[in-house]
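Convention: sequence-line order gives letters A, B, ...; per-chain numbering from 1.
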Protein chains: 2
Amino acid sequence: MRPRDENKIQGIREKAIEMITNEGLENFGINRLAKAAGVSPATIYIYYKDKDDLINQISVEEGLRMCGATLEGFEADMPFEKGLWIQWKNRAKYALNNQVGASFYDQLRNSTYREQMLKAISDEMKKKAGPFVKNAIKNGEINEISMEVFWSVALAPLYSLVKFHQDEHTFSGKKFVFSEKIMKETFNYVIKALKK
Amino acid sequence: MRPRDENKIQGIREKAIEMITNEGLENFGINRLAKAAGVSPATIYIYYKDKDDLINQISVEEGLRMCGATLEGFEADMPFEKGLWIQWKNRAKYALNNQVGASFYDQLRNSTYREQMLKAISDEMKKKAGPFVKNAIKNGEINEISMEVFWSVALAPLYSLVKFHQDEHTFSGKKFVFSEKIMKETFNYVIKALKK
DNA sequence: TTTTTAAATGAGCGATCGCTCATTTATATT
DNA sequence: AATATAAATGAGCGATCGCTCATTTAAAAA
């Protein structure tokens, strides 16, 4: 029998992410994707049940890719400040080196397709980030805290900073540029907040 | 001459927000909107140049509405902690009492339509939030800080907390419920971070 | 009451949508 | 070399899209 052409399905995936990011979910369509990826519309339905299935599968893949990048070199038993800083560096690096992926994630995470992606991400994050916080509490590095409050204080500021960079949009009228110096400054505020 | 029916245009606005929120920007269309609002498709084009114009106008209106709600009773010369707490309370109240509007905002802010809405919001926020931070620095309540870092440390945690509530989605498997107690707990971390 | 004028309409245009199917193509197996 | 089989295709279906236009409707101005 004829084997699947991995280049074809990879092209479909990449073009889908690119189109959704650049033209918006509202202008994304199977016929357009087929044309952009250089395949027949019918080919896409060999790999995906329908349009929703395609978007959901790709969003989960991209979400997990981001999780993996964020947790690279991170271990739950690390000292608190060190472990958190690794997550900050990883996530910033991912967002800066993969702007299309990061923008795709933001759009999907705030669309009607959010559910499956968020489920996949939270399941993945739970594994390492949950124990990490529990350890930090047990070791007396930080006070007792729920996962949601921790996330909001420890990580939301970073995502906000990255978003300012993505937006090329600013309060002062001139473009905001992300830098390690600014990231470190913000990180220090967060550490001051959380450390006993 | 025949006057405009204000109920009609108001109905168009409200149904558009409702449809985009519940069905997604990707399933929003003029014909569908017309049917939902009980008007002819042609009527919509009396008020809006085209579909993009409609989405942009409505997104700017909703963005400014949220700004107004967030800044209610807030003044730039307030003491730092008091002024920031008012913004937190206002924004939380808005998000909780107007879930459709808040969800609409998130979706548009992360779509290809973000530009006009963000411009309108940042212009509006600059007026009061900018001087507020400058005052707090001048009065020695907080250290010198850029608008972007301030925003990321002082407000991003709140938005994250509200989003957890909206998502009905959690790390611990059971639903996260927003409360004033949790908000205050998170606020205290932020104050600890920023106050000298 | 008549005239004027903009609001409002419903039918429908061409384009594109998501998706299917009969057919062709390429490769692993025999 | 012949066969079997799944991948891949292009044409095209019915539905819906964004949008227009000739016509009707309603209220202000005369």
Item to complete: Could you tell me the separation between the CE atom of Met1(B) and the C1' atom of dT2(C), rounded to a whole number of Å?
Response: 18 Å

Practice prompt. Record whether the side chain of Arg2(B) comes under 3.5 Å of the base of dT5(C) through a donor-acceptor pair of N or O atoms.
Written response: no

Worksheet item: Do we see a donor-acceptor contact under 3.5 Å between the side chains of Tyr47(A) and Arg4(A)?
Response: no

Discussion item. Below the 4.0 Å mark, does dA7(D) have OP1 or OP2 next to a side-chain nitrogen or oxygen of Arg4(A)?
Written reply: yes

Item to complete: Assess the side chains of Asp53(A) and Gln57(A): does a donor N or O sit below 3.5 Å from an acceptor N or O?
Response: yes

Practice prompt. Scan side-chain atoms only and decide if Asp52(B) and Tyr113(B) contain a donor-acceptor pair under the 3.5 Å cut-off.
Written response: yes

Worksheet entry | Criterion salt bridge (charged side-chain N to carboxylate O under 4.0 Å, His left out) on Arg109(B) and Asp106(A), from CA distance to verdict | CA-CA 10 Å; Arg109(B) 189 251 176 278; Asp106(A) 279 332; over 6 Å; no

Anything under 3.5 Å between a donor and an acceptor, one on a side chain of residues 23-36 of chain B, the other on a protein residue two or more places apart or in another chain? List them.
from: Glu26(B); atom 1: OE2; to: Thr112(A); atom 2: OG1; distance (Å): 2.7
from: Arg32(B); atom 1: NE; to: Asn27(B); atom 2: O; distance (Å): 3.0

Worksheet item: Honestly curious: do Val177(B) and Leu161(B) fall in one hydrophobic cluster under the side-chain, below-4.5 Å linking rule?
Response: no

Worksheet item: When every nucleotide of nucleotides 9-20 of chain D is labelled 5' to 3' by its protein contacts under 4.0 Å (heavy atoms), B for base, S for sugar-phosphate only, - for none, what sequence of letters results?
Response: BB------BBBB

Practice prompt. Answer with base, sugar-phosphate or nothing: what part of the nucleic acid does Tyr47(A) contact at a heavy-atom distance below 4.0 Å?
Written response: sugar-phosphate

Fill in: Spacing between Asp5(B) atom CG and dA27(D) atom C1', to the nearest angstrom
12 Å

